[in-house]
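Just so it is clear, the model here is predicted, and its values are computed rather than measured. The sequence lines fix the lettering, A, B, ..., with proteins before strands; numbering per chain opens at 1.
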Amino acid sequence: RGFCVPARPPSTRQLREADEAAPVFQYAGKAARRKDRVFVWGFSYSGALGVPSFVKPDAGWKKPRRIQPTPYRLETEDKISSAACGYGFTLLASNTRDITKVWGMGLNKDSQLGFQRSRRDQTKGYEYVLEPSPIPLPLEKPQQTRVLQVSCGRAHSLVLTDSEGVFTMGNNSYGQCGRKVVEDEIYSGSHLIHQLKEFDSRVVQVVCGQDHSLFRTKKGSVYACGWGADGQTGLGHYNITSVPTKLHGDIAGVNIIQVSSYGDCCLAVSDEGDVFGWGNSEYLQLASVTETTQVNVPRHLPFKIGKVKEAACGGTGNIVLTEEGNVFVWGYGILGKGPNLTETAEPEMIPPSLFGWSDFSPDTRVAHVRCGLSQFAALTNRGELFVWGKNLRGCLGTGRLEDQYFPWRVTVPGEVVDVACGVDHMVSMVRSFT
Amino acid sequence: LNAAPERAPRQQVRFLPSPAPGGGGAVELVAARVPVLADHPLVRGPRFRKLKIGAGHRLDVKASGVFVLGIGHGNKLLTDLYNCHLTKVYTVGGLFGKATDDFSDTGNLIEKTTFDHITREKLERILAVIQGTNQKALLMYSNIDMKTQEAYELAVKGLIRPMGKSPPIITAVRCLQFALPEFQLEIHCLHETQQYLRKVVHEIGLELKSSAVCTQVRRTRDGVFTVDDALPRTQWNLRSIQEAIRNCQLKVETELEKTLA
């Protein structure tokens, strides 16, 4: 009888009153900073992803996760500035002045993660490290030195500091750690971390190949040590080298600004944009200059693609990025231009429209390129990550287990700043959006 | 329409009797062209009593912009245009600071938030992510096997698009204006509804750790038809409609040939 009136849609005045009476919530203040995060994906049983619940689930009914096909966030205490993926293990390094600067996880059968004291038996070490564990470095000034970069090879790893040279650990059966090869040395559970300081100037970049190490100094010269049967040490012979020795050949006197290697082939970029290569050439990586399959002296690769800014070497394929932002690939394997292109000796360009370039966003370009053993990764200036190549145990992060024949965008909840590619897993450093 | 001059009545040849040239009452049959009586306007009546009008892609009550209609035989072209799966362009206006239940500014208020931490750079970053994920969806729903060489070639040219049913996909987003708390976006999309675009505005607000409502949705292009071809309310008369049909005919034909060939 007029007591209950059906609700009418709110009039403008009622809307305005409700609007003014409502409380205002604040989710982010003006000084809210973007957070830095680490995402991992790929094969997890080696512990390289650093998530123990993938290998040993915390509840009885849960099943262990063999492959993580999409990016998974890894919680870290400090901001990780550099990461490297080896063959079944990962190293994370932070730029801090605290005592723990480097964390490692994954395989530790050759002490490539240093000595991780086992809790059950205090004399032995862990062979598989499932969580990011701190690596104790024998620093003289642990509260002043900063770790600049880490790099991982098949069974050894290198840590570059700003004032105390390079620390090497892991397998040394080919002298890749830069110290004399000891016959029948047992590498598992070893406490030995070797320090390298004798270079002509400060070392600014360290790169690990499969069983060799490359050091680039500030003056632009390159030193190498380790296995050389494919000529990857570039020293003019095919023997192993146990002390870092300077490279000559076509790079003598040239100011090298970047070196790269992951398998048995190596590439170097000079400040004038020239590319030099040496090492294994069985997959046509250096076939543009020579027919031989092993090149043990650095040779200049006369490509007419423009000034090269960055190069990355994989197991069978190579990729370079030019100053204009174009990406060129050559070698063997899934190169990124469809299933028909499997091998080429001359660089082929990947069209920029595959990396998000269009008439709508003409200033999208590739900023960095990285290489895993048989995968390629490209980072654009918009913070997007494109991957392609052989999808070994889900390492591409696309969510599918099939190989990817052209660049595919990986969905990461953030802006990708850097990515490290390994054999069957990848680690990326990401900044959140807001 | 019915007042326009009609086509001439059909003619037929009939043999009519007419007096013979010679004398007498003999009747000869002479062939003559005579209009058919059934075509006479008084017999037949007005030519058009009703018109079949079909509508193109839906436009809901709160939105505005280009709305495509087909008349008579043009309805068949409408189905063909639908199967072309061309993109539509919308201008979407949004307002930060409020969240309502139906994502537009006339709904019931749910929450109010601060928005002074939002900058144009953050908004553009979110838009880049939206574009990237929708690009992936575009490739996935186009039902092409990713392992073939033709998939690679289409992806390079940017011609991969879903040729069947698919959820709404945004092919491109751009920020046109940004003046806190208001902003305006230009969205190119496929298979969408206007409510989906309002939802996208709401989700952009959530991503930026605030909230947003949609104030305006205006379609500026629907396939080949742009705002310049569209007739405003003042021009809803026969002459302008006929002229518009004539202007668009060529465009529609070329587009259909290109896509459905």
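Comparing G97(B), A151(B), A155(B) by heavy-atom pairs within less than 4.5 Å of chain A, the highest count is held by A155(B). Ranking P407(A), S353(A), A28(A) against chain B, the residue ahead of the rest is A28(A), based on heavy-atom pairs under 4.5 Å. Most heavy-atom pairs under 4.5 Å with chain A: of the set T148(B), T133(B), T119(B), V129(B), this distinction falls to V129(B). Of the residues considered (A31(A), G336(A), P339(A)), P339(A) shows the highest number of contacts with chain B, using heavy-atom pairs under 4.5 Å. Among L341(A), V412(A), V24(A), T398(A), the residue making the largest number of heavy-atom pairs under 4.5 Å with chain B is V24(A). Comparing E153(B), K98(B), H117(B), E186(B) by heavy-atom pairs within less than 4.5 Å of chain A, the highest count is held by H117(B). With respect to chain A, the highest number of heavy-atom pairs below 4.5 Å among A172(B), A128(B), G107(B) belongs to A172(B). Top candidate by heavy-atom pairs under 4.5 Å with chain A, chosen from L139(B), T106(B), V156(B), is V156(B).
For a residue to count as touching a neighbouring chain, one of its non-hydrogen atoms must lie under 4.5 Å from one of that chain's; by this rule E207(B) touches chain A with backbone and side chain alike. Both the backbone and the side chain of L208(B) come within contact range of chain A, judged by heavy atoms closer than 4.5 Å. When heavy atoms are compared at a cutoff of 4.5 Å, K147(B) approaches chain A by way of both its backbone and its side chain. Heavy-atom distances place the backbone of P23(A), and not its side chain, under 4.5 Å from chain B. Looking at S211(B), neither its backbone nor its side chain comes within 4.5 Å of chain A, counting heavy atoms on both sides. For chain B, the nearby part of E384(A) is the side chain; its heavy atoms alone come within less than 4.5 Å. No part of Q135(B) comes within reach of chain A, as not one of its non-hydrogen atoms sits under 4.5 angstrom from that chain. Of the atoms belonging to T12(A), not a single heavy atom falls under 4.5 Å from chain B. Both the backbone and the side chain of R409(A) come within less than 4.5 Å of a heavy atom of chain B.
Side-chain N/O atoms of H191(B) and S166(B) include a donor and acceptor closer than 3.5 Å. No side-chain donor-acceptor contact under 3.5 Å links T380(A) and T364(A).
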Item to check | Derivation and outcome, ring-ring contact (aromatic ring centres under 6.0 Å, His included), residues F183(B) and F96(B) | outcome: CA-CA 8 Å; F183(B) 65 99; F96(B) 284 121; 4.6 Å; yes
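Remark: of the listed residues W408(A), F376(A), F355(A), F355(A) is the sole one forming a ring pair (Phe, Tyr, Trp, His ring centres under 6.0 Å) with F386(A). Screening D105(B), T215(B), D102(B) for a side-chain hydrogen bond (donor to acceptor under 3.5 Å, both in side chains) with K62(B), the sole residue that qualifies is D102(B).
A salt bridge links R382(A) with D363(A): the closest approach of a Lys/Arg side-chain nitrogen to an acidic carboxylate oxygen falls below 4.0 angstrom. The residues K251(B) and E255(B) are annotated as not salt-bridged, no charged nitrogen and carboxylate oxygen being separated by less than 4.0 angstrom.
No more than 12 heavy atoms of other residues, nucleotides or ligands sit less than 6.0 Å from atom CD of E182(B). Taking a 6.0 Å sphere around CZ of F115(B), one finds it holds more than 12 heavy atoms contributed by other residues, nucleotides or ligands. The number of heavy-atom neighbours closer than 6.0 Å to NZ of K199(B), taken from other residues, nucleotides and ligands shown, is 12 or below.
The aromatic rings of H85(B) and Y82(B) sit tilted relative to each other, their planes meeting at an angle between 30° and 60°.
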